[in-house]
2 protein chains.
Amino acid sequence: MDKLSALSAFGALSQETRLDVFRLLIRAGEAGMLAGEIAEALDVRQNTMSANLSVLLSAGLVKNTREGRAIRYFADTDGLRGLLGFLLQDCCGGRPDLCGPLIEDIACKC
Amino acid sequence: MDKLSALSAFGALSQETRLDVFRLLIRAGEAGMLAGEIAEALDVRQNTMSANLSVLLSAGLVKNTREGRAIRYFADTDGLRGLLGFLLQDCCGGRPDLCGPLIEDIACKC
DNA sequence: CTAATATTTCAATAATTCATGATATATGGA
DNA sequence: TCCATATATCATGAATTATTGAAATATTAG
């Protein structure tokens, strides 16, 4: 992950529809969702959603795969991991004991 | 953490100078850095940096404290934790085994 | 009180980003 | 082939965001 990719990822997540999409896809997990389903779920026009999905795609935050006429989208957890790794690079100055608590309790409490 | 706060945090990190500042403060750890030091380290004008610091501040990503005439800034790791928690909310659909790997290996490899 | 230092705030211009309508592409079925 | 469905692309105007110079605020020292 380089700085430019990180900037585009944060930019992607800084817009309401795209943040909604990403969180929706995180919740959808491995099942993912079709582009049309996403647009309908969030009540956003088809072309607007398409543009937003392509922003998330080029930011490395979602993946997709064609499924007949439709296209299924998934959250790209590897991309997210890379982003967070970049953000927290050298966070502990050689002292992992300072670093651990920083990311503890992030996981969902399910 | 609500959606509006998350949007402002991601928006704050989507600008190069502010991303640099946050990563610098993450590396600085508990020592933090004075506003002037940050501006000098990143070669950004003082008033521009002040505006960017105030964006990070109101996004909950940094904290500050007055130190004589100067002001010392720190990364706000609680704010970051809240942001990530919001982003990954309900990520595993009741199955923590799917959730764990998502945040593994984020910690720095120090 | 006056001067110097450190930082913030303000107003204006410049640059970027967003949603939309119209159109184009791709796939599947008759 | 022709049509319908699903999604993507393009051009434009509207809205948001960023940087700058100038001025203001806060703190400390003399």
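A, B, ... follow the sequence lines: proteins, then strands. Residue 1 opens every chain. Since the model is a prediction, treat every value here as computed from it, not as a measurement.
- With contacts defined as side-chain heavy-atom distances shorter than 4.5 Å, the pair A:Leu87/B:Arg23 qualifies.
- The distance from atom CG of A:Leu57 to atom P of D:dT7 is 14 Å, rounded to the nearest whole Å.
- Phosphate contact (OP1/OP2 of D:dT27, side-chain N/O of B:Arg66, threshold under 4.0 Å): present.
- Side-chain contact annotation: A:Ser5 with A:Asp2, donor-acceptor N/O pair under 3.5 Å present.
- Out of C:dG21, D:dA8, D:dA18, the shortest distance to the side chain of A:Gln46 is found at D:dA8.
- Under 4.0 angstrom from either OP1 or OP2 of D:dT20 there lies at least one side-chain N or O belonging to B:Thr48.
- One N or O on the side chain of A:Ser14 and one on the backbone of A:Gly11 form a donor-acceptor pair closer than 3.5 Å.
- For the contact set between residues 67-74 of chain B and DNA chain D, defined by any heavy atom under 4.0 Å, the members are B:Gly68, B:Arg69.
- For the pair A:Asn52 CG and C:dT20 C1', the interatomic distance rounds to 12 Å; values are reported in whole Å.
- Going from atom CE of B:Met33 over to atom C1' of C:dT7 covers 15 Å, rounded to whole Å.
- Here the P atom of nucleotide D:dT27 and the CG atom of B:Leu34 are 15 Å apart, to the nearest Å.
- Residue contacts shown for A:Asn47 include a base, since a base heavy atom lies under 4.0 Å away.
- For B:Arg18 and D:dA18, the shortest distance from a side-chain N or O to OP1 or OP2 is below 4.0 Å.
- Between the side chain of B:Arg27 and the backbone N or O of A:Asp90, no donor-acceptor pair lies under 3.5 Å.
- Between A:Ser50 and D:dA8, a side-chain N or O to OP1/OP2 separation shorter than 4.0 Å is present.
- Of the charged side-chain nitrogens involved, at least one lies within less than 4.0 Å of a carboxylate oxygen, so that B:Lys3 and A:Asp20 count as a salt-bridged pair.
- Remark: P of C:dC18 and CG of A:Leu13 are 12 Å apart, rounded to the nearest angstrom.
- Within the 4.0 Å cut-off from OP1 or OP2 of C:dA19, at least one side-chain nitrogen or oxygen of A:Gln15 is found.
- No donor-acceptor distance shorter than 3.5 angstrom exists from the side chain of B:Arg81 to the backbone of B:Leu83, with no hydrogens or angles considered.
- Computed from coordinates, the A:Leu42 CG to C:dA19 C1' distance equals 15 Å when rounded to whole Å.
- D:dT9 atom P lies 11 Å from atom CG of A:Leu53, rounded to whole Å.
- For the pair B:Asn64 CG and D:dT27 P, the computed distance is 13 Å after rounding to whole Å.
- With a 4.5 Å cut-off on side-chain heavy atoms, A:Tyr73 and A:Leu24 do not count as touching.
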